[in-house]
Every structure is written in structure tokens, then in C-alpha cells.
Student: 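I am attaching a structure below and will ask some questions about it afterwards.
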Amino acid sequence: MAELDLGASFIPALHKPAALLPIAKHRESLLYLVETYPVTIVVGQTGSGKSTQIPQFLEQAGWCADWKVIAVTQPRRVAATTVAVRVAEEVGCELGKEVGYSIRFEDVTSATTRIKFLTDGLLIREALVDPLLTRYSVVMVDEAHERSISSDILLGLLKKIRKRRPELRIIVSSATLQAEEFLRFFSEDADEPTLQNGAEKVGSIISLEGRTYPIDILYLESPAEDYVEKAISTVFDIHTSEQTGDILVFLTGREEIENAVQAVSERSSQLPPHSKSLLPMPLFAGLTTEQQMYVFDEAPENTRKVIFSTNIAEASVTINGIAYVVDCGFVKLRTYNPKTGIETLTATPVSKASAAQRAGRAGRTKPGKCFRLYTEDAYRALTDTNVPEIQRSNLAPFILQLKALGIDNVVRFDFLTPPPAELMIKALELLYSLGAVDDYAKLTKPLGTRMAELAVEPMMAKTLLSAPSFGCLSEILTIAAMTSLGGNVWVQQDEDKKRVESTRRKFAAEEGDHITLLNVYQTFVTKGRKEGRFCHDNFLNFKALTRAVSIRAQLKRYLERFGISVDESLASAGTQNNKAEQICRCLTAGYFAHAARMQPDGTFRNVSGGTVLHAHPSSLMFNRKADWVIFHEVFETGNKIYIRDVSKIEKNWLLEYAPEYYQTKSRSVHGEL
DNA sequence: GAGCACTGC
């Protein structure tokens, strides 16, 4: 199990009695603010105890009277569970009694639960059932400075709920100094701006002293030409001239990391004899859990660990014993182009907030040093914070959720930072083409409301709800679960590519990747769950496939709640030709906007013809012939646009299932259809 | 002929 930010149980200070934590002396002022103002912004560093102590203070002060509950949201599942475990220990109760947590697939709460930790996305979902979140007296949004779409939307909802529930208390916790922005958001009232003059104060900011060690920041005198090379030489400089302590190097992606790890292990043989050795290791999300575990092991004697990591080590994973941080100054960020509907992943300069967070990884257990592989002038030119996710994402799933929450006029929703109009328009256009909203942008019933409830993206939700009429609901349920694993079905294996390919071909289906995924799942549930070696031998990701089983079961429960019954008896009948065609037709009913045609050179063109698409190397279509296809996903990286999870279709299916979409398109853009 | 940063329901 990864050692996590909030599970930092090896830091001695956290084993001090809670009364000795820095936050304890702020207890009275904190409770006074919460009593007095509807909104409290808490500024405190990791380790200040804010996530564990504040809910306990509130409970002791009576905020759980009348069976009310205190909700504390986290951006990540692991954080929600680990903080809950620690607070239950401190309170001295069994987990799930007075203190519990709730994340997707795991609800460890009961009628007696007074303090409940949950992911922010799940609390938004609770609002679908209880729009005013009436069971909660206090909602604390932790790590709000990370500005995930879910926490941004949650803050907007809470601001709205507050008008109907003046007694509700909102606590926003943030590790960096973005407190003023949060307070301003809750103080402004777009509906009644005139009340602002002399109106009562909505909230206040309280700063909790952190518990970190000093960190020396060092810059380059002149810019580095190649930051990977510079990172490697800096690692050797640290190793030969600095005191003991492990090194954490921030790079942008897998390729850079693998190159750096290899270079360090090659060059460390040139270290002087009898000197301490260097042990390089990679850390990125694509590794299996076992592979990630190594970074938490203590280095052998006379050995210094050097971990080359993506941004995963910036907030999600905390490694103890790091004394030196090397920061390349870049991060890969996802942006969504509303004109093309393509997501792009590009290396971008980090923000000042990110740089500070990275540097802070060095000072958790003793004083540290941070080597920034850029000049101080370059640092000054960085933006203060990253562009919030909500301004660079496909908003269709969130617009759908807001509408299901009764917010019809999404353009006027009170966003912390409003997304660009083009993103909103693109999302509404997609939802309209799928039939989720009508001519007046109102959610349709039952299609739109059901799509909003299903925990899959809108195009897959539409596919699922279309499946009964194609007689392939059981199969589409599986495909929906498998595609939502996001390309993690196969484990990354570099060694024997031919063997990997021939193994994968055992599951391959003529029709394409979707039915191949169906074959993988069906083999997994019949063989793989019992035989321990099945996944290993077939290069399959056991954890991901187990997750697919849970997702499928959850989606099935949703459908049954809608009164749609799932006939599983047909699933075992395999994929006879007619069934495979029905599946591909059904996929077209949801993914018609993701259609492309293969060219003689093996690349694809989108329907309007202007964009060159490449089959992702993980796709069967990477080396097969096809004509028209639909695909699950499209993304750009390294100047190439890839499509992933690709299946063959017939051109006329597009017109059959999306006549409106392609009539207008073909007239204005393209003659082919 | 060749590869996606990180989360979440």
C-alpha cells in the first residue's frame, strides 16, 4: 500500500497527542469563527492537522446535535479513507460508527456516523438525492486549492445552498495562499450586488501555522538546454557533495523518467570506488502497485535513493526521507480544444504554487534543498497558479450533472472561475446531439436524467441506454466498464514485445477493440479471478479488471433502478456474428461523433476530413485494415493525434442513428456522407 | 510503424 499524504504516520510529530499539534492552540478562535460566520477559510500546510482535528473540534463543540453530520471532502479516494482511519483511531471508535467514510464502491458509514469523509465527486452525487444536503451541519472542502472540477463545482453548489440554508457552515481548506480568492467568491452575490455595501460579513480567514523545516532554494545561473540531462548531472553533484538524504526528481512523463533511470544506473558505475552508491527508481501512475512500492522501501546501507517521478509525487504520493528535490520546472497538463473536441497533453511550465509544493517535498522530516533547473528570472515569470481544470476540460459530463441538480441556466451558474464560453457551447451541443437536452437546453426525460445518473461519460451513457433496443445490454455493460478503465487493461511490458502481441491476439476480435475488451472481461471472470497467474501470464492488469467488475455491477444496479432489466443469460452465448454487429451498431448510436475513415496509408481522417488520426499502438486497428470506424477516445500527444478503442462500422449506420448530426455536417462541411 | 500527466462518480 502506498504511503500517502495523509497517511504519513511515520512522521514523529503526528504521534504527539493531538493537543500538541500546532492546530490545537487555534481551537478556540477556529470555533468562534465557525460559530460567527457561515464561511471559514482555513489556510494550513500539510501536517498542520487540519483534516483530522477540525472535524473533531466541531463535533465536540456540538455541531452534530440533532443527528447532523459533519462532511469532509477530499479530492482523492485514498485521502478520504486514510484520514477517516486516523480520526477513528483518535476518537477511539470503530471505523464506520461515529467516524466513517464513503467513496465509490465503499460506504463505511452507519446511522451513528457523525463525521463522514468522502470524495468531493460523491458529495455532488448526494446532492442529486438531497439537493440542500440537509443531513450536514458543516461541509469542509479540503485541498480546495488544487482546483479540481469537482471541488470547484461543489463550492458553487454550497454557495447556492447557503442562501436556502443560512445555518449551514462551510469550511474551505487550502494549503496555499489562495484564501482571499475563496473568501471573495463567497462574499460576492451576483444576484443582489446592491447588498454588498455594508452587508454582513460572510466569512473570515484563519491561518494555522504549519510544521515544516527550512528549505534552501537554488536556481540555475543560465537556462539548461536539456533538463533531463541537467537533472542527471545535478543528481550526481548532490550525491558527491551533499550530505545524506534521498533525492526526488520531478520530470514530466514516462519516457523521460525511463531514460533518466537508465542513464543514472549506467553512469553510477563510474563513481569513484568505495563511494556510496546511487539507486535510481521510477515513479509514475502507469506502473503497477507493486512496481510503485519500491520507492517506499528504505535504501540499503551506503546507498542513496533517487526517485524520478511525474507530478504524482507533488500531491498524491508522499515519500519520507527526501532531503533534496530537483525540479525540472515543467508538468504535463491536459487541455481540451472545443473546436476539434481533442484533448492535448503538453509539457507546460509549472506555476509558482506547484514549484512551492514540489520544494516542500524536501522539508518534511528535516531541513532540505530544492534545485530548480531554471533561472530565478524564469521563476518570476511563472504564473501564480495553474489554470483551473474547469477551464481546460470537456464539460459535457458536468453540465449534465448541473442540469440534473436543477440548475437549468448553467451559463449563469456561480463558478469560482467561469469556463470559457466555447467549452460550455461545445458541451451543450454534444448533449443536444445525444438527446440529453432539448431545443431549449432542458434535460430530457427520461433519457437526459438517466444519462446524468449513470457514472459514465455522456456518449457511453447514451450507448448503454440504447443497448436494450439492440439486444446487447449485457455486452455493452461490460464494454462500458472496460473502456472506463482508460487504457489500463494491459500492463506495460517492454521486454518481449512479440510475446505480448501474440498473447493479446488470443483475445482479438475481427470487429475491433470493443469486442476484444468484451472477450478479455469474459475470460477474466470465468478463469482469471481464480487463477492467480492468469493476469500475469496474459499481461493483464488484475487491479483494473477487478475494478471493471465493480463498475459493471454498479452500472447494472443503476439500470435496474430505472426499471431496465439485464438479461445475463445471453452473455455466455458468446459473440456470434449477429451479436457482434448489434454491439457495433449500438456503439454507433452513442459514438457517432467519434467516427473516422481509414486511408490507404493506414491513417484515419475524421468525418470533416481535416484531421489526420492515428490508431494508438494499443489498438488492434494499429495493424489492420478497415473502412469506417468509431472510437472511444481521441487525444494528442507529441504532435500526433491518436484514437484508442476503435471498432469497425458501416458508413450508413452513422446516417441511420444520427441523421440530424450528419445532415447538417455533411451539407456545410463535407460531401462524403 | 510505435506509445497518456493526475484524479473521480
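Bear in mind the structure is a predicted one, so any value in this text is a computation, not a measurement. Numbered from 1 within each chain, the chains take letters A, B, ... in sequence-line order.
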Student: Please determine, for the side chain of Leu345(A), which listed nucleotide (dC9(B), dC6(B), dC4(B)) has the closest atom?
Tutor: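 Looking only at heavy atoms from C-beta outward on Leu345(A), the closest nucleotide is dC4(B).
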Student: Which part of the nucleic acid does Asp120(A) contact within heavy-atom distance under 4.0 Å: base, sugar-phosphate only, or nothing?
Tutor: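 Contact class for Asp120(A): none.
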Student: OH of Tyr558(A) versus C1' of dC9(B): gap in Å, rounded?
Tutor: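 Rounded to the whole Å, the gap is 7 Å.
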Student: May I ask you to verify if any side-chain N or O of Thr119(A) is less than 4.0 angstrom from the OP1 or OP2 atom of dC9(B)?
Tutor: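 Result: yes.
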Student: Tell me the salt bridge (Lys or Arg N to Asp or Glu O under 4.0 Å) pairs involving residues 444-460 of chain A, sequence neighbours left out?
Tutor: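 Residue pairs with at least one partner in residues 444-460 of chain A: Glu453(A)-Arg561(A).
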Student: From CG of Leu333(A) over to C1' of dT7(B), roughly how many Å is that when rounded to an integer?
Tutor: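 Rounded to the whole Å, the gap is 13 Å.
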Student: Assign Ser150(A) to base, sugar-phosphate, or nothing according to its heavy-atom contacts below 4.0 angstrom with the strands shown.
Tutor: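 Nothing: the residue Ser150(A), judged by heavy atoms under 4.0 Å, touches no strand.
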Student: In terms of the nearest nucleotide of DNA chain B, which residue is placed more toward the 5' end: Tyr642(A) or Gly121(A)?
Tutor: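 The residue whose closest nucleotide sits nearer the 5' end is Tyr642(A).
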Student: Could you label the plane-to-plane angle of the Tyr591(A) and His594(A) rings as parallel, tilted or perpendicular, counting under 30° as parallel and over 60° as perpendicular?
Tutor: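 Tyr591(A) and His594(A): tilted rings.
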Student: Just to verify, what does Tyr379(A) make a ring-ring contact (aromatic ring centres under 6.0 Å, His included) with, not counting sequence neighbours?
Tutor: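 Counting only residues at least two positions away or on another chain, Tyr379(A) forms a ring-ring contact (aromatic ring centres under 6.0 Å, His included) with Tyr219(A).
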Student: Indicate, with a heavy-atom threshold strictly under 4.0 Å, whether Ser148(A) touches base, sugar-phosphate, or nothing.
Tutor: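 Touches nothing.
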Student: What's the CG-C1' distance between Asp152(A) and dT7(B), to the nearest Å?
Tutor: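 These atoms are roughly 14 Å apart.
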Student: dT7(B) phosphate, OP1 or OP2: any side-chain N/O from Arg334(A) under 4.0 angstrom?
Tutor: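 Indeed not, no polar side-chain atom of Arg334(A) lies that close.
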Student: Using a cut-off of less than 4.0 Å, is there contact between a side-chain N or O of His616(A) and OP1 or OP2 of dC4(B)?
Tutor: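 Checking dC4(B) against His616(A), a side-chain N or O does come within under 4.0 Å of OP1 or OP2.
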Student: Could you check whether the side chain of Glu633(A) and the base of dC4(B) have a donor-acceptor pair of N or O atoms closer than 3.5 Å, going by distance alone?
Tutor: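 Result: at least one qualifying N/O pair found.
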Student: Rounded to the Å, how far apart are Phe635(A) CZ and dA5(B) P?
Tutor: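 After rounding, the gap between these two atoms is 9 Å.
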Student: Could you state the NE2-P distance from His145(A) to dT7(B), rounded to the nearest angstrom?
Tutor: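 Rounding to the nearest Å, NE2 of His145(A) and P of dT7(B) are 15 Å apart.
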Student: For Leu122(A), report the nucleic acid contact type (base, sugar-phosphate, nothing); a contact means any heavy atom under 4.0 Å.
Tutor: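 Sugar-phosphate contact only.
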Student: Send over the distance from Leu405(A) CG to dC9(B) P, rounded to a whole Å.
Tutor: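 Rounded to whole Å, this separation is 16 Å.
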Student: For Arg254(A) and dC6(B), what is the distance between atoms CZ and P respectively, to the nearest whole Å?
Tutor: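 One finds 11 Å between P of dC6(B) and CZ of Arg254(A), rounded.
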Student: Can you find a donor-acceptor pair, distance only, under 3.5 Å between Arg76(A) side chain and dC6(B) base?
Tutor: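 Looking at the base of dC6(B), it does not pair with any donor or acceptor on the side chain of Arg76(A) (distance under 3.5 Å).
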Student: Assess whether a salt bridge exists between Lys50(A) and Asp142(A), defined as any Lys/Arg side-chain N lying under 4.0 Å from an Asp/Glu carboxylate O.
Tutor: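 A salt bridge links Lys50(A) with Asp142(A).
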Student: Would you say Ser316(A) places a side-chain N or O within less than 4.0 Å of OP1 or OP2 belonging to dC6(B)?
Tutor: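 Indeed not, no polar side-chain atom of Ser316(A) lies that close.
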Student: Of the options dG3(B), dC6(B), dA5(B), whose atoms approach the side-chain atoms of Ser618(A) most closely?
Tutor: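 Looking only at side-chain atoms, Ser618(A) lies closest to dG3(B).
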Student: Report the nucleotide, chosen from dC4(B), dC9(B), dC6(B), that has the shortest atom-to-atom distance to any side-chain atom of Arg77(A).
Tutor: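 Closest of the options to the side chain of Arg77(A): dC9(B).
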Student: Salt bridge or not for Glu181(A) and Arg147(A), using N-O below 4.0 Å?
Tutor: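 Salt bridge: yes.
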Student: Specify the residue among Phe622(A) and Ser102(A) whose closest nucleotide of DNA chain B lies further upstream toward the 5′ end.
Tutor: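 Looking at the nearest nucleotide for each, Phe622(A) comes out on the 5' side.
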Student: Can you find a heavy atom in the side chain of Pro55(A) that is under 4.5 Å from one in the side chain of Phe117(A)?
Tutor: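 Yes. Closest side-chain heavy atoms under 4.5 Å.
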Student: Expressed as a whole number of angstroms, how long is the span from Phe105(A):CZ to dT7(B):C1'?
Tutor: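 Distance, rounded to whole Å: 15 Å.
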